[in-house]
Structures are given as structure tokens and as C-alpha cells.
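Written below as C-alpha cells is the structure these notes are about.
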Amino acid sequence: MPELPEVETVMRGLEPALVGQTIVEAEIRRPNLRFPFPERFADKLIGRTIVRLERRAKYILAFLDDDTVWLSHLGMTGRFTVFADGENSRNLAEFYFQPGSEDAGQGKHDHVVLSLNNRIKIVYTDPRRFGVMDHFPASDVVSHKLLANLGIEPLGNELNAAYLAEKFLGKKAPLKATLLDQKYIAGLGNIYVCEALFRAGLSPTRKSSTLSNRGKPTAKGEKLVQTIRACLNEAILAGGSTLSDYADANGNEGSFQQRFDVYDREKLPCHKDGCTGTVKRLVQSGRSTFYCPKCQK
DNA sequence: CGGGACTCCTGCCAGC
DNA sequence: TGCTGGCAGGAGTCCC
């Protein structure tokens with residue numbers, strides 16, 4: 001589920017339930033996700049109060065009251081579910097919440113279960129286990145292995161045509177691949193790259209360097225910056241995209257998938273006004289790309 | 001070094 | 001109906 005808009009949505013859903021609360025129990029139900037959990041992970045979380053949440057790229061950072069950070073990444077199939085009983089759920093947004101129950105967190109792929117002092121339970125579920133959790137001093141946020149090499153946030157001011165012109169100068173890799181590379185722009189994933197390229201009328205196969213005019217910004221780059229921002233902002237407003245709901249969440253699901261122009265629309269007509277093209281699927285660095293060959297050049 | 005293939009893991013679905 | 005192969009929102013690592 002998770003690219004930037006989905007992670008942002010998840011974080012916003014977690015905030016009212018977590019911030020200001022203290023972790024009273026932590027159950028780590030297996031040794032690892034993608035990587036091993038930290039040593040004595042549960043002990044490090046128990047007794048800590050969550051001071052605030054932040055999103056960096058596709059990571060959720062929970063800052064704790066002992067100046068440490070609990071980091072989470074949802075991988076492909078990770079999700080958090082908040083279990084709240086009637087009393088304490090009343091003041092929380094309806095989003096993402098399930099009624100409290102005795103078997104909360106007992107599912108086959110429920111790997112981490114936290115109980116908070118407000119009687120809320122937070123369950124992390126991840127069938128494929130491509131997710132990540134870690135815990136480290138807050139002072140290490142900048143240097144942390146997973147965070148140190150991330151590029152700029154696409155919704156921040158740093159993303160502009162000049163940035164693309166500088167970073168993409170001389171880059172031969174296909175534009176699609178470079179936009180997916182988190183060391184340039186952090187937070188984009190397969191869906192929103194496809195969608196932003198469609199809106200910009202740019203082919204995923206063109207060389208990245210074509211958005212750079214000997215290091216100077218281009219109109220195409222300017223357009224792409226706009227469409228990236230628009231896609232992400234619209235998706236956040238829609239609560240992200242929900243592609244499968246086998247976890248059967250009770251809460252609201254995102255709806256941006258209903259507005260996809262190209263993603264998962266192979267062989268369907270191009271949405272662009274006046275374009276008679278058909279959406280095509282191709283594989284770039286092992287991943288599906290959807291685009292309209294007729295209007296994306 | 002840049003670029004691409006491979007890898008982790010489970011579930012689902014189309015096609016036979 | 002049941003099996004098989006392909007594919008899935010990510011990204012670190014390895015190899016050329």
C-alpha cells in the first residue's frame with residue numbers, strides 16, 4: 001500500500017492515538033521483519049512516552065521521551081491497525097480504527113503489538129515482511145543508515161526544476177528509474193511516478209538527462225515538478241490509494257486508486273482529452289511501468 | 001561509478 | 001476444482 005501519500009495518511013491516523021501516550025506493553029512476535037528487530041526491542045519501548053510522529057520519505061519516526069526514535073517502514077504490505085474500545089475511541093478520528101477485542105494482534109501476520117496507557121492497542125501486520133523497524137538515539141536520525149542517503153522531500157521547497165536539472169545532468173538512466181531512486185527524491189513509488197509522468201506528458205523511458213539543459217532548468221522539468229506535487233497532494237487528500245484490503249480494515253480506505261490514469265490500466269483507453277492512445281505496460285528494472293505511448297514523449 | 005538484476009516473503013489471481 | 005506461474009505498493013546488495 002505504501003508510498004508517500006499512504007505513509008502520510010497512516011501517520012496522521014496514528015497521531016491522535018499515540019502522541020502523548022505511554023507504551024505499557026510491547027509484544028514482538030518474531031525475530032525479524034526485513035532485518036532483525038533491535039536487541040531487547042520490547043524493553044526499549046516499554047515505559048516510553050511518544051512525544052511526536054514525523055514522516056521522512058516512506059519512514060514513520062516516533063520520537064520518544066528518552067530522546068530515542070522508533071522507526072517504522074511499511075515495505076509493500078505493512079499496515080498499522082489501531083484497536084480502541086468504545087470509551088477511548090470516541091475522541092479519536094474514525095479513521096483506521098477497529099473496535100478493541102481480545103484477539104487483537106493474534107493474526108498470522110501480526111508481528112508487533114503495542115499496548116498504550118490509554119488502553120489502545122497498535123498492531124503492525126505485514127504478510128511479506130518487507131517492512132522495517134528500528135530503535136536508536138534521536139541524535140542518529142541524520143546519520144542512520146536507512147535515512148542518511150535519502151534525497152529531498154517531494155512536497156518541500158527543495159524540489160524544483162533547478163534541482164532536477166542539477167541532479168539529472170548527464171544521467172542516462174530512464175526517467176522512471178531515477179524518479180524511483182530514493183536518493184534523488186524520497187517518497188515516490190511505482191504508482192505516483194507513473195501517474196506524475198502521465199500528467200506531465202513525459203515518457204518513462206526517456207533519459208533522465210533530458211530534464212537538464214546543461215545543468216539549467218527546463219520547462220519539462222518544471223511541468224514534472226508540478227505534476228509530482230499535484231499527484232501526491234491529491235492522493236493525500238483522498239487518504240492514499242488502497243489496492244488490496246485483505247487485512248479487512250474497518251476504517252476508511254484511501255480512494256485515489258479510482259483516479260489512476262495509467263497505473264494498472266494496461267490496454268485501457270488513455271484518459272487524456274483528445275488522445276486516442278491505449279495504456280501500455282512495460283517492465284523497467286524489474287517493475288511494471290504503465291504509460292500512454294501516444295501522449296507521453 | 002552507474003545501471004540493472006536479483007533477493008527477501010507471502011498471497012492472490014488468471015489461465016490451463 | 002486444482003495446480004502453476006506470474007505478479008504485487010520497496011529497496012538493499014551484488015555484479016558487470
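Labels below follow one simple rule: chain letters A, B, ... track the order of the sequence lines, proteins then strands, and each chain is numbered from 1. Predicted, not measured: the structure shown is a model, and the values here were computed from it.
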Flag for [Y]-[X]: side-chain donor and acceptor within less than 3.5 Å:
{"X": "A:H135", "Y": "A:T68", "value": "yes"}
{"X": "A:N32", "Y": "A:R30", "value": "yes"}
{"X": "A:K172", "Y": "A:S208", "value": "no"}
{"X": "A:Y192", "Y": "A:E6", "value": "yes"}

Problem - Flag side-chain contact, heavy atom, 4.5 Å: A:I28 against A:H111 - result: no
Problem - Aromatic contact, A:Y263 with A:F256 (centres under 6.0 Å) - result: no
I need the [atom1]-[atom2] distance between [X] and [N], as an integer number of Å.
{"X": "A:L175", "N": "B:dG2", "atom1": "CG", "atom2": "P", "result": "17 Å"}
{"X": "A:D126", "N": "B:dT10", "atom1": "CG", "atom2": "C1'", "result": "10 Å"}
{"X": "A:D264", "N": "B:dC13", "atom1": "CG", "atom2": "P", "result": "12 Å"}
{"X": "A:L4", "N": "C:dG10", "atom1": "CG", "atom2": "P", "result": "11 Å"}
{"X": "A:M133", "N": "C:dG10", "atom1": "CE", "atom2": "P", "result": "18 Å"}
{"X": "A:R287", "N": "C:dG6", "atom1": "CZ", "atom2": "C1'", "result": "15 Å"}
{"X": "A:L147", "N": "C:dG10", "atom1": "CG", "atom2": "P", "result": "17 Å"}
{"X": "A:M76", "N": "B:dC12", "atom1": "CE", "atom2": "C1'", "result": "13 Å"}

With heavy atoms under 4.0 Å as the rule, sort [X] into base, sugar-phosphate or nothing.
{"X": "A:Y59", "answer": "sugar-phosphate"}
{"X": "A:K108", "answer": "sugar-phosphate"}
{"X": "A:P5", "answer": "nothing"}
{"X": "A:Q182", "answer": "sugar-phosphate"}

I want to check one thing: is the phosphate of [N], taken as OP1 and OP2, less than 4.0 Å away from some side-chain N or O of [X]?
{"X": "A:R129", "N": "B:dC8", "answer": "no"}
{"X": "A:K171", "N": "B:dG3", "answer": "yes"}
{"X": "A:K145", "N": "C:dG12", "answer": "no"}
{"X": "A:S288", "N": "C:dA8", "answer": "yes"}
{"X": "A:K58", "N": "C:dG10", "answer": "yes"}

Using the [atom1] atom on both, measure [N] against [M] and round to a whole Å.
{"N": "C:dC14", "M": "B:dC9", "atom1": "P", "answer": "16 Å"}
{"N": "C:dC7", "M": "B:dA5", "atom1": "P", "answer": "14 Å"}
{"N": "C:dG9", "M": "B:dG3", "atom1": "P", "answer": "22 Å"}

Practice task
Let me know which of A:K58, A:H73, A:R56 forms a side-chain contact (heavy atoms from CB on, under 4.5 Å) with A:V7.
Solution key: A:K58
Problem - Closest nucleotide among C:dA11, C:dG9, B:dC9 to the A:F130 side chain - result: B:dC9
Completion exercise
If one requires at least 3 consecutive Watson-Crick or G-U pairs with distances under 3.5 Å, the stems of DNA chain B turn out to be B:2-8 with C:10-16, B:10-16 with C:2-8
Exercise for the section: Confirm from the modelled atom types if A:R128 and C:dA8 form a donor-acceptor pair under 3.5 Å, side chain to base only. Expected result: yes
Completion exercise
Between A:H109 and A:R34, the residue closer to the 5' end of DNA chain B by nearest nucleotide is A:R34
Fill in the blank from the handout: To the nearest 0.5 Å, atom OH of A:Y124 lies from atom CG of A:L74 at 5.5 Å
